[in-house]
Engineer: 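First, the structure itself, so that you have it in front of you.
Since we're looking at a predicted model, the values are computed, not measured.
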Amino acid sequence: MLDRYKKKGGFFQLLQLLETSPTAKREQFLGLIAAESPAWEDALRKRILTINRVYSWDSQYLVEVFSRVPPLTLANAMHGNPSEQVEQLLSCLPPISRRKIGDLMAESNPNPAEKATCIAKLLSEVRGYISQGIIRLEKVDPDLLIPENVEEMLSMGGYTTPLNFETTSDKESAPASSASPSEADPSTQQEVDFLRRKMNQLASEVNALKHENSVLKDKLSQIKKIA
């Protein structure tokens, strides 16, 4: 079964197949994979993107997702979840966006199949944001990172956790430095870290404002139609 996926890119293809399969079918697939190669099953299981995995991300990264996903899709995906969880997840959005999604959740009544479809769509959108570089897994969720040569590693019986490998792009983009970490100026590093955090915060605020602007435009359009 695994032979067709041992070529370059095959791991990600199989991962996508698992992510888009119903839970019962996914576990059946994983059982078949485990029987053939426990290493493949372990590597795949650890990198499957689930809705609960996304919900566990920090709010500064969740806003990158929630501000881009269609409000109705998000509302249906969260429909029926505990109110405390919904409130906490949506706290990254501005008040008007939270009210919009809350109203949609109150108005809609998706059946289990419709909710599952919206969850699948949301996860597909997140995968797209990852491939576009909007969501950077090395910052958001390093355990989901996939080594570039993962098929070769697994075929040789080796396995390296995400925190212990460097991808080719990492090596190529890493700036050369003659100073060792111990020689780096601590104050300079603190300033760089502060600026990075500030930049991420500003980017999140910009995305939240864009989403709020979109919601306001929708309301204005509805008012014009009524008038």
Engineer: Inspect the contact between Arg127 and Glu19 and indicate whether a charged nitrogen and a carboxylate oxygen are less than 4.0 angstrom apart.
Structural biologist: yes
Engineer: Any non-hydrogen side-chain atom of Val69 less than 4.5 Å from a side-chain atom of Tyr129?
Structural biologist: yes
Engineer: Could you grab the distance from atom CE of Met105 to atom NZ of Lys100, nearest 0.5 Å is fine?
Structural biologist: 14.0 Å
Engineer: Could you tell me which residues satisfy side-chain contact (heavy atoms from CB on, under 4.5 Å) with Gln28, sequence neighbours excluded, listed by chain and number?
Structural biologist: Lys25
Engineer: Show every salt bridge (Lys or Arg N to Asp or Glu O under 4.0 Å) that has at least one partner inside residues 50-63, sequence neighbours left out.
Structural biologist: Arg53-Asp141
Engineer: Keeping Lys8 on the side-chain end and Glu148 on the backbone end, is there a donor-acceptor pair under 3.5 Å?
Structural biologist: yes
Engineer: If you compare all heavy atoms of Leu17 against all heavy atoms of Ser21, which two are closest, and at what distance to 0.1 Å?
Structural biologist: O-OG, 2.6 Å
Engineer: List in chain and number order the residues that pass side-chain contact (heavy atoms from CB on, under 4.5 Å) with Glu114, two or more places apart in sequence or in another chain; answer none if no residue qualifies.
Structural biologist: Pro110, Asn111
Engineer: Can you establish whether the number of heavy atoms outside Gln16 located under 6.0 Å from its atom CD is more than 12?
Structural biologist: yes
Engineer: Going by heavy atoms in the side chains, are Leu144 and Ile130 under 4.5 Å from each other?
Structural biologist: no
Engineer: Not counting sequence neighbours, which residues clear side chain to side chain donor-acceptor pair (under 3.5 Å) with Ser108? List them please.
Structural biologist: Asn76
Engineer: Strictly distance-based, threshold 3.5 Å: is any side-chain N or O of Ser67 a donor or acceptor partner for the main-chain N or O of Val63?
Structural biologist: yes
Engineer: Is it the case that atom NZ in Lys6 sees more than 12 heavy atoms from other parts of the structure closer than 6.0 Å?
Structural biologist: yes
Engineer: Does Leu104 share a hydrophobic cluster with Leu74, counting links as ILVMFWY side-chain heavy atoms below 4.5 Å and allowing steps through other members?
Structural biologist: no
Engineer: Starting from the C-alpha separation in whole Å, work towards a yes-or-no answer on side chain to side chain contact (heavy atoms under 4.5 Å, CB included) for Tyr5 and Leu15.
Structural biologist: CA-CA 10 Å; Tyr5 297 107; Leu15 186 64; over 6 Å; no
Engineer: Does Glu64 reach the side chain of Ile135, with side-chain heavy atoms less than 4.5 Å apart?
Structural biologist: yes
Engineer: Going by ring pair (Phe, Tyr, Trp, His ring centres under 6.0 Å), name the pairs with one or both residues in residues 26-55, residues two or more places apart or in two chains.
Structural biologist: Phe11-Trp40
Engineer: Using the test side-chain contact (heavy atoms from CB on, under 4.5 Å), find all partners of Arg45 that sit at least two apart in sequence or belong to another chain.
Structural biologist: Glu27, Leu30, Glu41
Engineer: Does Asp42 pair with Lys46 as a salt bridge, N-O distance under 4.0 Å?
Structural biologist: yes
Engineer: Which pair of heavy atoms, one from Ser59 and one from Cys92, lies closest together, and at what distance?
Structural biologist: O-CB, 3.6 Å
Engineer: Is there a path from Leu72 to Leu122 through hydrophobic residues (I, L, V, M, F, W, Y) whose side chains come within less than 4.5 Å of each other?
Structural biologist: no
Engineer: With side chain to side chain contact (heavy atoms under 4.5 Å, CB included) as the test, would you mind laying out the steps for Phe66 and Met78 before giving the verdict?
Structural biologist: CA-CA 11 Å; Phe66 292 169; Met78 290 187 174; 3.5 Å; yes
